[in-house]
Amino acid sequence: MANKIISPVKGTRDFYPENMAVRTWLYGHMRAASETFGYQEYDGPFLEPIALYAAKSGEELVKEQAFVFPDRGGDLITLRPELTPTLARMVAQRQGQLYFPLRWWSFGPFWRYERPQKGRAREFFQWNIDMIGVNSPEADAELAAVGAEFFRRVGLSPDEVQILVNNRRLMDAQLDALEIPAAQRKAVFRLIDRREKMSPSAWEAYAEEIGLSSAQLQGLKDLLGNANLWEQSEELVRFFEAAEALGAREYLRYAPEIIRGLDYYTGTVFEARDRGGEFRAILGGGRYDNLVADVGGKPLPGVGFAMGDMVITLVLQKYGRLPELNTQPAGILVTVFDADHLLEAYRLAAEVRRLGYPTAVYPEPAKLGKQFKYADRIGARIALIVGPDELAQNAVAIKDLRTREQTTVAREQLGEILRMRLESS
RNA sequence: GUGGCUGUAGCUCAAUGGCAGAGCACCUGACUGUGGAUCAGGAUGUUGUGGGUUCAAGUCCCAUCAGCCACCCCA
């Protein structure tokens, strides 16, 4: 038996009803946070040509981490590893008819060919939210505020999660001052990104390896130790002022070590972490001012972030913020007294549904005890019985599965009684 | 792509190289119009898969697959 079950594809997840309930719950809060700020829902194709990503997403992403396969005509197709390039294309295609600034959000599946581990699968769901057409620190702050709004809604406090913020232009200027040449910039960004993941000695050895002088290394260490560095960036000063006005300041903190991996970020970048530092980034995003032009449109600035479903779920679990979710839509189960009363049960179920209550009916005759047990196990609150006695009186027996009390009511009173029972608690 | 740990009943896990087991869950009955308790009984496995060593393998060896974890990388 067991050996005949075909394994699911590595790194995919089956969403049983209890898992699906969590996904739907997350989706609801993402929608609420997005719509509170006036963002519109959209989506793109799950399949894209590989060329869309080749331009700007970063080589690692396309070469090593995307699912790529030839279609029957021989063209290379990619299962989308991220949404931003699709968004850039969609905007570029209708650049003339869209009205800016554009505020769009989306939630859907993405694929990434990687070794699965904690907080990461090959198929995952991701919330994307972006504002296109404005280049201002205040727009950046609004996106961060949407992230903060989401955390607030799911019950995560600023003591538990924080959005760490930096700015690439600021870091570029600082690296200029240290006379670190442009050719070395990418390697140094990577070095910064790895600061907290390596031991201090290994980190310094790595710095030396990429060609930093000891003076440059000391300068870099000073930068990364300077929690007030943001005051030297007019963009970040305005960013934090706007975040304050938006009521999101308490979730934000300046962090000079935040760089982000994607090549297309040009200004402010941010990512959310749990304060224990236990998990990888909960969300990540920033400003990208060249992306629409890179896919063939006229230049348009943008800012946005993405949040995967897995890390946020781990964080919510850690802090006990995942609610008990009801996976049973039907509060009522109609029992089947015996084979002669099967259709009577079906008629009763139809009647109760017309009254507006989701109702399941036991699909075949069985011992009543078994049916009550089933009703209890699927999470129904009320069981209804129509046997010969009830039928003779044009009545229905109502059993409350929690209190175990049972009453018989006239058929025409059924709606009223059900309303009292189901809406009382 | 590299490394570590783990695969035994639906679930959680036992079994000094010597007859594959327990608890929970499940099914039946005690209870022919009533679920969670109790009691009695019952079913359940090619021990992930394929090889090898051995008189004998769940146990040792090799390979492979899967899950988890770390590295890599991160949307």
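Chain identifiers are assigned alphabetically (A, B, ...) following the order of the sequence lines, protein sequences preceding nucleic acid strands; residue numbering begins at 1 within each chain. Small disclaimer: the values here were computed from a predicted structure and weren't measured.
- For a distance-only test at 3.5 Å, the side chain of A/Q406 qualifies as a donor-acceptor partner of the base of B/U34.
- A close approach under 4.0 Å does occur between a side-chain nitrogen or oxygen of A/Q117 and OP1 or OP2 of B/A70.
- The shortest non-hydrogen separation linking A/V134 to A/A139 is CG1-CB, 4.0 Å.
- Nearest-nucleotide mapping onto RNA chain B: of A/M307 and A/T403, the residue sitting toward the 5' end is A/T403.
- Checked by distance alone, A/E390 brings a side-chain donor or acceptor within 3.5 Å of a matching partner on the base of B/G33.
- The listed nucleotides are B/C74, B/G35, B/G33; the one nearest the side chain of A/L368 is B/G33.
- Test A/I258, A/L164, A/V165, A/D140 against A/V269 for side-chain contact (heavy atoms from CB on, under 4.5 Å) and you get one pass: A/I258.
- Not a single donor-acceptor pair, N or O on each side, falls under 3.5 Å between the base of B/G35 and the side chain of A/R377.
- Side-chain to base pairing of A/R115 with B/G3: one donor and one acceptor N or O lie within less than 3.5 Å of each other.
- Position along RNA chain B of the nearest nucleotide to A/R80 versus A/D389 favours A/D389 as the more 5'-ward residue.
- A/D338 places its CG atom 10 Å from the C1' atom of B/G33, with the value rounded to the nearest Å.
- Nucleotide B/C74 holds its P atom 17 Å from the OH atom of A/Y53, rounded to whole Å.
- Between B/G67 and A/K10, a contact under 4.0 Å exists linking OP1 or OP2 to a side-chain N or O.
- Defined by atom type and a distance below 3.5 Å, a donor-acceptor pair is present between the side-chain atoms of A/D130 and A/Y288.
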